[in-house]
Amino acid sequence: MESASITKVGHDLKLAEIVLGRRGIVLRNASFDTMIASYLLNPGRRDHTLETVAFEYLKERLTTATEAAGGDKEAKAHPLIEAAPSRIAPYLCQRADAILKLADLLPSLLDGQGLTPLFNDLEMPLVPVLAEIERNGVKIDADLLSEISKELDAKLVELTERIYRLAGEEFNIGSPKQLAEILFVKLGLPPIRKTKTGYSTDEEVLTQLAVRHELPAEILNSRQLMKLKSTYVDALPKLIHPETGRVHTQLNQTIAATGRLSSKDPNLQNIPIKGELGRRIRQAFIAEPGYQLLSADYNQIELRLLAHMSEDPVLIESFRTGEDVHTRTAIQLFGLPKQEISSEMRRVAKTVNFGIIYGISPFGLASNLGVSQTEAKRYIDRYFENYQGVQRFIDQMLETATQQGYVTTLFGRRRHIAELSSRNTQTRGLGERLAVNTPLQGTAADIIKKAMIDIHRWMQEAQVKSRMILQVHDELIFEVPESEIPLMKEKVKEKMEGVIQLKAPLTVDIGVAANWAEAH
DNA sequence: CACTAGTGCAA
DNA sequence: TATTGCACTAGTG
């Protein structure tokens with residue numbers, strides 16, 4: 001937190017903190033307190049973020065103050081404003097003042113909802129851990145990315161020529177509008193689906209069209225290369241900090257409605273992994289000489305939480321014996337012994353398992369599996385016959401959510417679900433899926449946050465040279481000196497698995513390598 | 001420069 | 001008509 005130049009400066013609350021900090025005014029705790037408390041009190045409600053709360057408070061306060069001062073709209077008499085060193089500072093100081101006031105107000109609100117332990121023992125202790133991750137940054141192999149970029153350039157030139165030839169004219173391949181004109185008007189291909197503004201040209205549509213014409217297939221190839229090139233290969237080197245030679249993401253603690261973190265500038269939580277190209281991009285995330293990257297990820301954490309929270313005996317047993325949970329589901333779904341389960345059956349079972357976590361519907365599963373809705377419904381019915389505990393869990397979540405208006409995680413985090421009381425069928429359906437998904441995704445977020453705090457605390461006590469450098473929802477990544485690898489492997493695994501004792505125990509897989517692709 | 005739409009990357 | 005995010009390009013104002 002102390003080296004402000006590369007830590008959370010993107011956030012204007014943090015900027016206020018720096019401005020005021022130079023004047024010797026201690027604001028840090030109050031600003032984070034308030035931001036996080038507002039988040040815990042209003043998760044998922046974008047209209048009630050700290051922004052809104054602070055501005056509403058400010059408006060009122062300024063009106064009162066200016067009236068008392070005889071109507072001077074600038075409210076320049078405030079001591080914090082007078083201390084301000086720049087033009088932007090008055091605004092920030094006013095907000096800072098509102099934040100300080102709110103900080104007095106929020107503890108009793110938190111207490112009233114039983115959120116004090118989550119606040120004191122999880123979110124606040126996490127703040128310095130996140131600040132340190134941001135400050136540490138990640139080393140990028142800019143030379144490798146530059147090499148990949150040149151390769152992609154050459155491929156794209158070739159692809160583009162080919163596309164223009166197949167289309168019979170030149171056009172902007174990146175424009176869905178122009179592409180639709182070519183595909184559905186000029187070439188007369190059947191429009192599969194509409195968007196708000198025209199015909200859809202997304203991956204699913206182009207894949208269907210690919211059986212009738214060569215052009216859609218080449219568009220898909222081109223799209224993939226352009227996507228990865230512009231979003232990752234060319235963008236990441238630009239974000240390397242000139243002083244540290246590393247990229248320093250911002251981890252936002254108060255965005256996701258479920259309690260997850262989010263990452264931006266750059267977003268290091270959506271770095272490609274699939275396919276040859278994705279793999280090569282991950283190879284550009286490297287450790288310093290003498291160091292290795294250590295990746296530790298929770299194995300099937302959300303399904304394990306489903307097993308624990310539903311107390312479903314079949315699911316729990318599956319995890320306790322350490323068998324492959326998707327194969328187990330396939331055995332249940334198809335009523336066949338293990339040796340007769342094909343990889344196709346396992347794939348179906350895996351999709352069904354994911355579907356359960358997201359709050360399944362026959363329509364959704366059907367479109368995902370590419371089978372009829374009737375067929376999808378058979379899978380779902382069959383699933384619930386075999387996992388009756390899961391059925392009860394879902395019913396219970398829906399009942400609780402309807403009754404209370406919110407659901408909770410194992411750690412007591414709340415999410416209000418206004419969608420459930422909507423008269424709109426689709427909105428209500430969304431509410432039902434949120435009621436099932438949020439306790440699972442949110443508890444997983446709670447658990448890894450606790451692990452981060454515990455590991456960070458231990459790392460300080462043990463005075464290791466290893467550094468925590470990234471969190472990707474169910475994975476932690478460390479940069480570890482060669483000599484500390486055995487110790488870190490043991491301790492990280494122990495701390496992550498030891499966060500909470502579940503009926504389906506948490507297990508952590510660890511990999512070590514010179515780059516992120518090999519470590520994962 | 002701010003904004004939306006369409007698209008697609010991750011867990 | 002499957003959950004949570006962030007960010008790219010095109011296009012508009």
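Chain letters run A, B, ... following the sequence lines, proteins first, then strands; residues in each count from 1.
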Touch check for A:S263, heavy atoms < 4.0 angstrom, all strands: base, sugar-phosphate only, or nothing?
-> sugar-phosphate
NA contact type, A:T351, heavy-atom cut-off 4.0 Å: base, sugar-phosphate, or nothing?
-> base
Pairs meeting criterion side chain to side chain donor-acceptor pair (under 3.5 Å) with involvement of residues 161-180 of chain A, two or more places apart | A:R162-A:E214, A:R162-A:E218, A:E169-A:K186
Choose from C:dG11, C:dG5, C:dC8 the nucleotide whose nearest atom is closest to any side-chain atom of A:Q178.
-> C:dG11
For A:F354 and C:dT4, what is the distance between atoms CZ and P respectively, to the nearest whole Å?
-> 15 Å
Could you tell me which non-hydrogen atom of A:V407 sits nearest to which non-hydrogen atom of A:M397, and how far apart they are?
-> CG1-O, 4.2 Å
Can you figure out which of C:dT9, C:dT1, C:dG5 approaches the side chain of A:F363 most closely?
-> C:dT1
Name the closest nucleotide to the A:T231 side chain, picking from C:dC8, C:dG5, C:dA2.
-> C:dC8
Set of side chain to side chain donor-acceptor pair (under 3.5 Å) partners for A:E344, sequence neighbours left out | A:R347
Taking atom P of B:dG6 as reference, at what distance in whole Å does atom NZ of A:K194 sit?
-> 13 Å
Measure from CG on A:L220 to P on B:dT7 and round the result to the nearest Å.
-> 12 Å
May I have the distance from A:E276 (atom CD) to B:dC9 (atom C1'), rounded to whole angstrom?
-> 17 Å
The single option from A:R280, A:R282, A:R279 passing salt bridge (charged side-chain N to carboxylate O under 4.0 Å, His left out) against A:E518 = A:R279
Examine the base of B:dC9 for any acceptor or donor lying under 3.5 Å from a partner atom in the side chain of A:N270, and report the outcome as yes or no.
-> yes
If only side-chain N and O atoms of A:R223 are considered, is one of them under 4.0 Å from the OP1 or OP2 phosphate oxygen of B:dG8?
-> yes
Restricting to pairs with a member in residues 252-287 of chain A, which pass ring pair (Phe, Tyr, Trp, His ring centres under 6.0 Å), not counting sequence neighbours?
-> A:F285-A:W516
Give a yes or no on whether a donor-acceptor pair under 3.5 Å exists between the nucleobase atoms of C:dA2, that is its base, and the side chain of A:N368.
-> yes
Any pair with a residue in residues 388-402 of chain A that passes side chain to side chain donor-acceptor pair (under 3.5 Å), sequence neighbours left out, goes on the list, sorted by first then second residue, please.
-> none
Rounded P spacing from B:dA5 to C:dT1 in Å = 16 Å
Out of B:dA10, C:dT3, B:dT7, which has the shortest distance to the side chain of A:R433?
-> C:dT3
Note: contacts of residues 196-212 of chain A with DNA chain B (heavy atom, under 4.0 Å) are A:K196, A:T197, A:S200, A:T201, A:D202, A:E203
With A:L303 via side-chain contact (heavy atoms from CB on, under 4.5 Å) - residues at least two apart | A:Q300, A:L306, A:F319, A:V325, A:H326, A:N353, A:I357
Applying side-chain contact (heavy atoms from CB on, under 4.5 Å) to A:K493 and not counting sequence neighbours gives A:E497, A:V508, A:I510
Tell me what A:I271 touches on the nucleic acid: a base, only sugar-phosphate, or nothing, going by heavy atoms under 4.0 Å.
-> sugar-phosphate
With a non-hydrogen cut-off below 4.0 angstrom, is A:L430 in contact with a base, only sugar-phosphate, or nothing?
-> sugar-phosphate
Position toward the 5' end of DNA chain C (nearest nucleotide), A:Q373 or A:L434 | A:Q373
Look at A:K274 and B:dC9 and indicate whether a side-chain polar atom (N or O) is within less than 4.0 Å of OP1 or OP2.
-> no
Answer yes or no: is there an ion pair linking A:K450 with A:D446, defined by an N-O contact shorter than 4.0 Å?
-> no
Check every atom of B:dA10, C:dT3, C:dC6 against the side chain of A:K264 and return the nucleotide holding the closest atom.
-> C:dC6
What's the OH-P distance between A:Y232 and B:dC9, to the nearest Å?
-> 8 Å
In whole angstrom, what separates A:L239's CG from C:dA7's P?
-> 9 Å
Measure distances between side-chain N and O atoms of A:Q441 and base N and O atoms of C:dT4, and say whether any donor-acceptor pair falls under 3.5 Å.
-> no
Please list, by residue number, the residues of residues 293-301 of chain A whose heavy atoms come closer than 4.0 Å to an atom of DNA chain C; answer none if no residue qualifies.
-> none
If you check the A:L365 side chain, which of C:dA2, B:dA11, B:dG8 turns out closest?
-> C:dA2
If you look at every strand shown and take non-hydrogen atoms under 4.0 Å, does A:Q426 touch a base, only sugar-phosphate, or nothing?
-> sugar-phosphate
Please report, rounded to the nearest Å, how far the P atom of C:dT3 is from the CD1 atom of A:I417.
-> 12 Å
Select one nucleotide: of B:dA11, B:dC9, C:dT3, the one nearest the side-chain heavy atoms of A:V472.
-> B:dA11
All heavy atoms of A:S263 vs all of A:L268, minimum pair found to be OG-N, 2.9 Å
Residue list, side chain to side chain donor-acceptor pair (under 3.5 Å) with A:S310, at least two apart or on another chain = none
For residues 152-176 of chain A, which residues have at least one heavy atom under 4.0 Å from DNA chain C?
-> A:N172, A:G174, A:S175
With sequence neighbours left out, which residue pairs that include part of residues 364-374 of chain A fulfil the salt bridge (Lys or Arg N to Asp or Glu O under 4.0 Å) condition?
-> none
Output every pair passing salt bridge (Lys or Arg N to Asp or Glu O under 4.0 Å) with a member in residues 434-443 of chain A, not counting sequence neighbours, ordered by first then second residue.
-> none
For A:I356, which contact category applies under a 4.0 Å heavy-atom criterion: base, sugar-phosphate, or nothing?
-> nothing
Of A:K449, A:R135, A:M452, which is the lone residue that meets side-chain contact (heavy atoms from CB on, under 4.5 Å) with A:L130?
-> A:M452
Rounded off to whole Å, could you give me the CD1-to-C1' distance for the A:I357 and C:dA2 pair?
-> 11 Å
